[in-house]
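What follows is a short report on a single structure.
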Number of protein chains: 2
Amino acid sequence: MDTESAEKRGLTPFPEPVARGALHDRLVARLRDLIIEGELSPGARVPERELCQRFQVSRTPLREALKVLAADGLVQLAPNRGARVAALTVADVEEMFPVMGALEALAGELAASRITEEGLAEVRALHYQMVLHHKRGELAAYFRLNQQIHEKILEAAGNATLAALYQGLAGRIRRARYLANMSARRWARAVEEHEAILAALEARDGTRLGAILEDHLKNKCETVKEALLAEQRKGGQAASNS
Amino acid sequence: MDTESAEKRGLTPFPEPVARGALHDRLVARLRDLIIEGELSPGARVPERELCQRFQVSRTPLREALKVLAADGLVQLAPNRGARVAALTVADVEEMFPVMGALEALAGELAASRITEEGLAEVRALHYQMVLHHKRGELAAYFRLNQQIHEKILEAAGNATLAALYQGLAGRIRRARYLANMSARRWARAVEEHEAILAALEARDGTRLGAILEDHLKNKCETVKEALLAEQRKGGQAASNS
DNA sequence: GCTTTTTGTTTTGCATGCAAAATGCTAGGC
DNA sequence: GCCTAGCATTTTGCATGCAAAACAAAAAGC
């Protein structure tokens, strides 16, 4: 639906009064971006008042949005102590990995048996476009296509519940992936794995696809963990905002 | 501080002014109970004003609670059209089943390798108490123990993320289970499966435990589906409130 | 000089108020 | 007689206001 992701990256200069009825939803998306982009550092308090001024909204919808994000696990709400951005620890990632693995394997199995020729064609197109971005060394574009491919597979699995859960987890680690700088070797390996994913999907071999996806995810998790460790090593001095 | 969280499950008769800072959390729990017990029929609008009067709270915390429940999937929020209790269709259950299966299998594998002797003893105690309730034909008590056992296994798995996701899904079908009347045969079979679960756990056979749990869940899902069909057949005339 | 207490400020949580949208009802037209 | 348009009521969504709790800093005590 929302294909207007152009202004999501750059902060809109004026926060024009958004349509009534969609305010808190927009705020959820906006806050998500802020967290993913690292503008709100993990562990830092969410400055309620400041964000209200920034977005030109009152505290009520903002607080509602925070509740939703808390339910999603992106922020933590302490009673009478406000919201903090949930810090993603290495232990968290190690917890999430087997869960995502199980979900992704399931998605692969379902997708292999259910994907249409049309869907397959779409994945194929996305895949080769992604390979192109890899060859050009365009990491950001690569990530976007990568994500789209996984979303397509989830879509092809035809299980909204599965998709929602997976996306929820993926959203939590997206910030770490955002700042991850893959090594050239790891990147090349990820592309190879994606070749295998496409092959298994075209062969409609669900078991194999599930296994490959799980392995692929393992590597992704390693990347995320390394990124987290690097960030921790650098110290959380990005937290000092104002 | 206030450590009186003992009466969380039982409904407090009077909605006395709850402690500041815990209001919306309490409301989430309260609304959950209302939905599970069927007082708020699936598909019916959530009467905001009415509930405010009932709980003696203003609309702000109630709306916040609804946002959380919406994120959990128990209610659906339509823009400018308020909240409706999410109707659980048979298709939904059929979607949720493989996901819960994958999660439960993972939980079983993890629990089998990680459970302590003490944890095992607790599960054993719960199990035999549950068997007792089965022999006495006490369905409600049986369900409670059953749920506690599964929670213990999840706890033993030592993966909070996994537990949270599973509990979220389980919460969505809890209402259907609440009104489910198992046949004597199915009930007996469920108890047998629980025997096998305990045995596999004691043998610390993760693979077998995972498989058993998945199978057990399958039967549980059949029960839920039957209950849903029975409810649909009876007609949603419980929705006509006023 | 250090700890502790007390006070002032900020922040949080909830209640309330008001405008826009939706819902229901009545009247008018075909 | 049925359908549609207009109006009134209800409901929803957001902004604002106020009291309590947390945070921070300064002053008092040791």
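It should be emphasised that the depicted structure is a prediction, and the values quoted were computed from it without experimental measurement. Here is how names work: the chains are called A, B, and so on, in the same order as the sequence lines, proteins then strands, and each is numbered from 1.
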Atom-pair distance (CG on L51(A); C1' on dC14(D)), nearest Å: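 In whole Å, dC14(D) C1' and L51(A) CG are 17 Å from each other.
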- prompt: Charged N to carboxylate O below 4.0 Å: is that the case for E222(A) and K225(A)?
  reply: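 Looking at K225(A) together with E222(A), the answer is yes, because their closest N to O distance falls below 4.0 Å.
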Heavy-atom side-chain proximity of [X] to [Y] below 4.5 angstrom:
X	Y	value
I149(B)	M130(B)	yes
L27(A)	L51(A)	no
L106(A)	Y166(A)	no

- prompt: Across the strands shown, which category fits A78(B) at heavy-atom distances under 4.0 angstrom: base, sugar-phosphate, nothing?
  reply: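 Since only primed, P, OP1 and OP2 atoms lie under 4.0 Å of A78(B), the category is sugar-phosphate.
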- line: Closest non-hydrogen atoms of A163(B) and L154(B), given as atom of the first, atom of the second and distance, are CA-CD2, 4.1 Å
Between the protein and nucleotides 8-11 of chain C, list every N/O to N/O distance that falls short of 3.5 Å.
{"residue": "dT11(C)", "atom": "O3'", "partner": "R45(A)", "partner atom": "NH2", "Å": "3.2"}

DNA chain D-proximal residues of residues 59-69 of chain A, any heavy atom under 4.0 Å: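 Within residues 59-69 of chain A, the residues near DNA chain D are R59(A), T60(A), P61(A).
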- request: State whether H24(A) places a side-chain N or O below 4.0 Å from either non-bridging phosphate oxygen (OP1 or OP2) of dC14(D).
  value: yes
- request: Compare the minimum distances between each of dA22(D), dA21(C), dC14(D) and the side chain of N80(A), then state the nucleotide with the smallest one.
  value: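 The listed nucleotide nearest to N80(A)'s side chain is dA22(D).
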field: Residue of the set R175(A), R54(A), R32(A) for which salt bridge (charged side-chain N to carboxylate O under 4.0 Å, His left out) holds with E39(A)
entry: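 Answer after filtering R175(A), R54(A), R32(A): R54(A).
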